[in-house]
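Worksheet for the structure shown next.
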Amino acid sequence: MKGWGRWFRNAARGLLILWSVAALVPLGIWSFARGWRFPDVVPRTLTLDAWRFALSDSSGVLGSLWISIVISAMVTALALIIGLPAGRVLGLYRFRGKTMVEAAVLAPLILPGNVIALGLHGVFLRLGLTNSVAGVVLVHLVPTLPYMILVMAGVFARYDPAHEQQARSLGATALQTLWHVTLPAILPGILVGSLFTFLISWSQFVLTLMIGGGRVTTLPLLLYGFATAGRNDLTGAIAIIYILPGILAVLATVRHVSGRSAAIAHAGRA
């Protein structure tokens, strides 16, 4: 039975990888194609022109890539700073009005993005935050912060604060307890919440366009411009560049979380 279970797991994993890679194949072909017309199965002419342009300074792709990374990283850091204590409160404590607080946390996930963008645009305009990276970072917290809070609330719901009390009774300071007891215990949740936050911020288009006003050009905005212009070769190259950071983030998170889970399971058996 164990052999069959391992076989099914490997088969499911292989199908998942195949499904993910299959979506990238047409983009990869388009990025090297100089025209690809029906009924040709593959392009007649392959070229590196799209990649040369995409990686050149004149295309703006590398600049937009850097801006996207900076914005997503800043959003993730801010979401963690806010979501960690908020998730601890929601996960560990019961208090009057908790249901209303949880509903307020979920509200940005229920409302359409266009409604949120239109509602916040006037507020950000009065505060002078439009057409700026700071404004884009703050508006990205609206759809990302609920994920961080909900993930951390789920982690703390299964967390035993008695370990912190034991560490303090043995003479550990509050900072030492946080660093050596709390953070190692909740690190998988931090990684998962950070992954969700980074990927959601990375893919934002409407909020970035509304608050950034076209002056903060992230990679999704640049990709949309080339796609609507009908440049399929450039769209394919930029799309692959756009997808790669997310894939790397997912692989790094899954590997780290899986490694920690295996280590914990081994320690438990020992």
Tell me which donor-acceptor pairs under 3.5 Å the side chains of residues 126-135 have, and how far apart each pair is, sequence neighbours excluded?
from   : atom 1 : to     : atom 2 : distance (Å)
Arg126 : NH1    : Gly122 : O      : 3.3
Ser132 : OG     : Leu129 : O      : 2.7
Ser132 : OG     : Gly135 : N      : 3.1

Indicate every side-chain donor-acceptor pair of residues 183-194 with a distance under 3.5 Å to a residue at least two apart or in another chain.
from   : atom 1 : to     : atom 2 : distance (Å)
Ser194 : OG     : Ile190 : O      : 2.7

Using distance only, find each side-chain donor-acceptor pair of residues 57-67 under 3.5 Å and give its atom names and separation, not counting sequence neighbours.
from  : atom 1 : to     : atom 2 : distance (Å)
Ser58 : OG     : Ser56  : OG     : 3.2
Ser59 : OG     : Phe53  : O      : 3.0
Ser59 : OG     : Ala54  : O      : 3.0
Ser59 : OG     : Ser56  : O      : 3.0
Ser59 : OG     : Val61  : N      : 3.3
Ser64 : OG     : Gly60  : O      : 3.0
Ser64 : OG     : Thr217 : O      : 3.1

- Run the side chain to side chain contact (heavy atoms under 4.5 Å, CB included) check on Leu222 and Tyr242 step by step: do they pass? CA-CA 10 Å; Leu222 194 68; Tyr242 168 71; over 6 Å; no
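When the shell of 6.0 Å around CZ of Phe205 is examined, it contains more than 12 heavy atoms from other residues, nucleotides or ligands. Counting non-hydrogen atoms of neighbouring residues, nucleotides and ligands closer than 6.0 angstrom, the OH atom of Tyr147 reaches no more than 12 such neighbours. By the 6.0 Å contact criterion, CZ on Phe124 is enclosed, its count of non-hydrogen atoms from other residues, nucleotides or ligands being greater than 12.
Taking all atoms of both residues into account, the shortest heavy-atom contact from Leu109 to Pro143 is CD2-O, 3.8 Å. Taking every heavy atom of both residues into account, Val139 and Val136 meet most closely at CG1-O, 3.2 Å. When all heavy atoms are compared, the tightest approach of Met148 to Thr197 is CE-OG1, 3.5 Å. When all heavy atoms of Ile240 and Gly28 are compared, the closest pair comes out as CD1-CA, 3.6 Å. Of all the heavy atoms in Pro108 and Ile116, the pair that sits closest is O-CD1, 3.6 Å. Contact record, Gln204 with Thr208: O-OG1, 3.4 Å, taken as the closest heavy-atom pair.
Here the CE-CG distance, from Met74 to Leu141, works out to 9.5 Å after rounding to the nearest 0.5 Å.
Of the possible polar contacts, none joining the Ser201 side chain to the Phe198 backbone as a donor-acceptor pair under 3.5 Å is found. Side-chain atoms of Trp202 do not come within 3.5 Å of backbone N or O of Leu219 as any donor-acceptor pair.
A donor atom on one side chain and an acceptor atom on the other are not found under 3.5 Å apart for Ser72 and His140. Under the 3.5 Å distance criterion, with hydrogens and angles disregarded, a donor-acceptor pair is assigned to the side chains of Ser31 and Trp51.
Ring geometry for Tyr159 against Phe156 counts as perpendicular: the plane angle is over 60°, on a 0 to 90° scale with 30° as the lower cut.
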